[in-house]
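Structure, as structure tokens:
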Amino acid sequence: MKSAQILVVEDEISIQTIVRTYLESSGYAVTVVDNGPDALVQARQLQPDLVILDLNLPGMDGMEVAARLRETSGVYILMLSARGEEADRVAGLRIGADDFLTKPFSPRELVARVEAVLRRRRETAVATPTLYLFHHLTINPDSHEATAVDQPLDLTATEFQVLLELAKNAGRVLTRDQLLGLVWGSDYYGNDRVVDVYVGQVRRKLQDATGQLLIETVRGIGYKFVDVKK
Ligand code: CA
């Protein structure tokens, strides 16, 4: 199997070196750049499977790089931040990062996070070819496409997974923990706030496209996808 291609965007030499060493010894193909503009160029040329993106970069910061990447690609993004504040984490996730790691981090934890993110993609790739059909929405797990009112929905990779798991369980409540396990994996280290952020984004996009509230909040428990008929 071709090894996964990872683009590392980081300006600190010591972190570049350790990240490259650990990822290469885990079998990944690694390209390192140290600024935002180069990151955008390499992302176009390499079509990487995952981008590891530092927030504090000279010139163009990581949030802006992530936003630009998201305009053209659904590539997985793992953000690195020295700040690690809740506000940064939420802002990063809102912009479409799939995971967030605070410096200083252990290189082994970084490799574990990378494996977890890439595993999501493989699990999706072998999913049975089924279409999920609803009155306002069609979901194709194979092509990773969701269509609302005949228009493709613009979802990030993680948003798509959140929608797919909710839709597979239409009419049933999924708890935050269940969603966390289904989408982020049982070895996810973060807290379940990430679930609320993602469900909120998916719900808003569905509502913009269909005018319907298709994901209900079940207070104190979790979320439920509802197939609204009219
Ligand atoms: Ca930096």
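Numbering of ligands and ligand atoms starts at 1, following listing order.
A donor-acceptor contact shorter than 3.5 Å links the side chain of Q47 to the backbone of R44.
Hydrophobic clustering (side-chain heavy atoms under 4.5 Å, transitive across Ile, Leu, Val, Met, Phe, Trp, Tyr) groups V30 together with L118.
E159 and Q201 are linked by a side-chain donor-acceptor pair at a separation below 3.5 angstrom, with hydrogens and angles left out of the test. D49 and Y28 share no side-chain donor-acceptor pair at under 3.5 Å. A donor atom on one side chain and an acceptor atom on the other are not found under 3.5 Å apart for E12 and S14.
Protein N/O/S atoms found under 3.0 Å from the Ca ion (ligand 1): D11 OD1, D54 OD2, N56 O.
Just one residue in the list V183, L214, L179 forms a side-chain contact (heavy atoms from CB on, under 4.5 Å) with L166, and that residue is L179.
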